[in-house]
Amino acid sequence: MRRSSFFLPTLKETPSEAQIASHRLMLRAGMVRQSAAGIYSWLPLGLKVLRRIERIVREEQDAAGAQELLMPTIQSADIWRESGRYDAYGKEMLRIRDRHDREMLFGPTNEELITQLFRDNVKSYRDLPKILYHIQWKFRDEVRPRFGVMRGREFLMKDSYSFDLDFEGAKKSYETMFTAYLKTFKRMGLTAIPMRADSGAIGGNLTHEFHILAETGESGVFYDVAYDELAAKGEIDLEALDRLYAATDEKHVPGAPGVPPAERLREARGIEVGHIFYFGTKYSKAMNAVVQGPNGEPVAVEMGSYGIGVSRLVGAIIEAHHDERGIIWPASVAPFQVGLINLKSGDAACDAVCDDLYAKLAKAGIDTLYDDRDDRAGVKFADMDLIGLPWQVVVGPKGVAAGIVELKNRATGERVELSAESALARLAE
RNA sequence: CGGGGAGUAGCUCAGCCUGGUAGAGCAUGGCGUUUGGGACGCCAGGGCCGCAAGUUCGAAUCUUGUCUCCCCGACCA
């Protein structure tokens with residue numbers, strides 16, 4: 001993509017409504033624009049990141065055996081009356097009426113819809129287990145939206161739902177998702193700590209929240225210092241994790257059994273990026289989601305639900321990866337892998353080297369943002385650092401005369417001078 | 001939902017107290033000089049001063065109402 005034609009309105013100054021780093025940077029980097037409190041338009045750069053995160057989530061869900069479908073954003077109030085949540089949910093639910101005055105709502109979650117879908121189409125235990133998921137926009141009419149996309153009213157969420165014949169099966173589904181979540185977050189350059197958590201409005205007795213540690217996190221969390229060591233090693237050891245203490249402040253009871261001694265207990269702030277629940281037959285019983293068991297008896301299915309805040313993750317990743325100059329994208333979610341900077345657009349030699357590199361990068365399958373604008377060097381450097389692509393290739397008249405370009409690593413700041421061909425080879429690795 | 005703050009140019013903000021022709025910097029367009037880390041000079045365009053009532057000869061400025069946005073708390077995937 002050529003920067004000169006890319007819709008990327010970056011800002012030198014910080015809009016006054018933004019308080020935390022990720023919100024400031026998402027506005028400055030031209031990723032999103034607010035349209036109403038907690039409701040955002042995603043501009044091309046932001047959308048590219050959102051799509052990359054979505055893709056990782058999708059790949060890990062598929063790998064775990066979950067199947068993707070897509071349920072609507074607008075739901076009928078009827079099924080929510082069946083589960084009893086139409087009245088229980090409160091003002092967070094955005095209620096609307098259609099032209100026939102039927103009561104509708106903009107879905108805040110999808111337990112009712114998926115349960116209806118399941119009960120209408122699955123009748124036998126032989127069709128179990130199933131894990132179904134979708135990635136869809138939700139709306140929760142938060143009293144106080146804040147922190148940009150981290151706590152928006154409209155947000156993109158991946159939600160999975162598991163259906164099993166018995167508790168043993170449900171527990172297995174839960175563990176499958178648990179592991180998938182750890183892999184998912186790790187691929188995005190995040191260390192997520194699974195915490196014992198309050199189950200909130202969804203209800204149930206087995207639940208974990210996945211938190212990323214960040215000073216600006218909304219939740220207070222407590223965890224065993226051993227997590228810091230595990231995070232450093234980058235391994236996923238389910239059994240080790242299961243043994244270690246970690247809890248949100250809602251569940252944390254100082255001095256209770258299992259709580260580590262003070263010197264091994266860490267207190268921090270966390271951003272909740274995922275939440276998984278086992279809730280048994282809560283919805284299947286209320287909504288009559290029953291299959292016929294091996295002996296012909298009716299069995300209310302055992303269910304669980306598993307959410308990942310996809311749009312929230314964009315903000316969370318920035319909270320975890322930025323510096324004073326701007327964003328530092330992990331390669332796995334970066335909107336482009338390489339930023340190619342032509343320091344002297346219009347100069348025949350510089351243009352020739354850049355055009356050639358740009359074409360070869362494209363041919364190598366490397367998504368590149370080529371800053372071909374006729375502007376000052378400082379503007380391009382600052383802009384490129386702000387949007388945080390993992391690699392920058394700087395092409396200037398002095399270097400071109402000497403047959404070299406500069407390759408800069410955004411995360412480390414390390415720069416090396418080398419030939420255009422070598423740079424290309426390095427990037428293609 | 002309780003408490004607080006703010007709405008003036010695309011962005012950041014001044015002007016309001018003490019009513020009298022709408023301002024600055026950045027951004028945008030033109031010209032010139034510049035050119036390896038957000039340049040400089042000159043010129044130009046751009047405003048329902050959130051909206052509505054009221055007070056007044058006259059309101060960005062004072063009064064009332066209303067809408068919106070932000071912050072703290074409570075709540076919450």
Side-chain angles (χ1 to χ4, degrees), chain A residues 9-20 23-24 27-28 30 33-39 89-93 107-111 136-160 181 197-204 207-211 218-219 248 250 270-277 305-313 316 324-326 341-347 350 371 373-387 392-402 404-406 408 413 415 417:
Chain A
T10 54
L11 302 172
K12 205 153 103 179
E13 288 176 283
T14 304
S16 55
E17 76 256 25
Q19 300 299 314
I20 62 168
H23 191 194
R24 281 201 304 269
L27 290 168
R28 287 193 55 211
R33 287 293 182 266
Q34 179 166 300
S35 104
I39 301 177
Y89 216 93
K91 299 186 82 170
E92 265 196 1
M93 179 185 280
T109 178
N110 288 66
E111 279 82 8
Q136 178 65 292
W137 292 92
K138 307 289 192 293
F139 194 93
R140 290 183 194 172
D141 200 356
E142 296 284 345
V143 193
R144 191 180 155 215
R146 64 190 118 166
F147 302 150
V149 300
M150 300 251 285
R151 186 162 205 76
R153 290 194 292 171
E154 189 183 55
F155 57 98
L156 188 61
M157 178 171 165
K158 186 286 301 178
D159 39 324
S160 309
Y181 273 36
D198 191 76
S199 62
I202 300 204
T207 177
H208 284 85
E209 287 180 5
F210 290 76
H211 282 262
E218 286 193 87
S219 320
T248 59
E250 292 160 329
I271 300 169
E272 183 189 349
V273 291
H275 199 161
I276 63 179
F277 306 86
S305 74
Y306 315 88
I308 289 181
V310 176
S311 49
R312 173 180 283 183
L313 272 167
E324 62 289 342
R325 292 181 174 284
I341 298 178
N342 186 342
L343 285 181
K344 195 167 186 180
S345 267
D347 175 88
C350 286
D371 196 340
R373 293 175 301 174
D374 179 18
D375 218 326
R376 299 180 65 83
V379 171
K380 300 183 191 182
F381 286 132
D383 231 35
M384 205 58 91
D385 284 347
L386 174 64
I387 66 176
Q392 295 173 14
V393 179
V394 182
V395 176
K398 292 175 201 162
V400 166
I404 54 167
V405 301
E406 184 180 287
K408 176 182 159 184
R415 306 172 200 205
E417 294 191 331

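These numbers come from the heavy atoms of this one structure, side chains and all, not from hydrogens, waters or symmetry mates. So that the names make sense, note that chain A is the first sequence line, chain B the second, and so on, each numbered from 1.
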Is any side-chain N or O of A:Q34 closer than 4.0 Å to OP1 or OP2 of B:rC70? yes
A:R146 has a side chain; which of B:rG37, B:rG38, B:rC71 sits nearest to it? B:rC71
Whole-Å gap separating C1' (B:rC40) and CG (A:D375): 14 Å
At less than 4.0 Å, is any side-chain N or O atom of A:K91 found next to OP1 or OP2 of B:rC1? Yes or no. yes
Write down the distance between CG (A:D383) and P (B:rA27), rounded to a whole number of angstrom. 13 Å
Which whole-number value in Å describes the distance from A:E142 CD to B:rG73 P? 15 Å
Counting only side-chain N and O atoms of A:R376, is one of them less than 4.0 Å from OP1 or OP2 of B:rU35? no
Where the side chain of A:K408 is defined as all heavy atoms beyond and including C-beta, which of B:rC72, B:rG37, B:rC1 is the nearest nucleotide? B:rG37
Identify which nucleotide among B:rG37, B:rG73, B:rC69 has an atom closest to any side-chain atom of A:R144, counting heavy atoms from C-beta outward. B:rG73
List the residues meeting side chain to side chain contact (heavy atoms under 4.5 Å, CB included) with A:R325, not counting sequence neighbours, and say none if there are none. A:D323, A:D385, A:R410
Return the nearest nucleotide to the side chain of A:L386; candidates are B:rG36, B:rC71, B:rG38. B:rG38
Among all residues two or more places apart in sequence or in another chain, which pass the ring-ring contact (aromatic ring centres under 6.0 Å, His included) test with A:F381? none
So, using side chain to side chain contact (heavy atoms under 4.5 Å, CB included) as the criterion, who are the partners of A:V379 when residues are at least two apart? A:R373, A:D375, A:R376
Using whole Å, report how far CE of A:M384 lies from C1' of B:rG36. 14 Å
I want to verify a distance call: between B:rG38, B:rG36, B:rC70, whose nearest atom is closest to the A:V379 side chain? B:rG38
Taking atom types as they are modelled, is there a donor-acceptor pair under 3.5 Å from the base of B:rG37 to the side chain of A:R415? yes
Quick one: which of B:rA27, B:rG37, B:rG36 gets closest to the side chain of A:D385? B:rG37
Taking atom P in both B:rC17 and B:rU64, compute the distance separating them and give it to the nearest angstrom. 15 Å
What string of B, S and - do you get for nucleotides 4-16 of chain B, 5' to 3', when a contact is any protein heavy atom under 4.0 Å? -------BSS---
Kindly compute the distance separating CD1 (A:I387) from CG (A:D371), expressed to the nearest 0.5 Å. 8.0 Å
Run the side chain to side chain contact (heavy atoms under 4.5 Å, CB included) test against A:E13 and tell me which residues pass, sequence neighbours left out. none
Could you list the residues that satisfy side chain to side chain contact (heavy atoms under 4.5 Å, CB included) with A:L11, not counting sequence neighbours? A:P15, A:R28, A:R33
How many whole angstroms separate atom CD of A:E272 from atom C1' of B:rC75? 14 Å
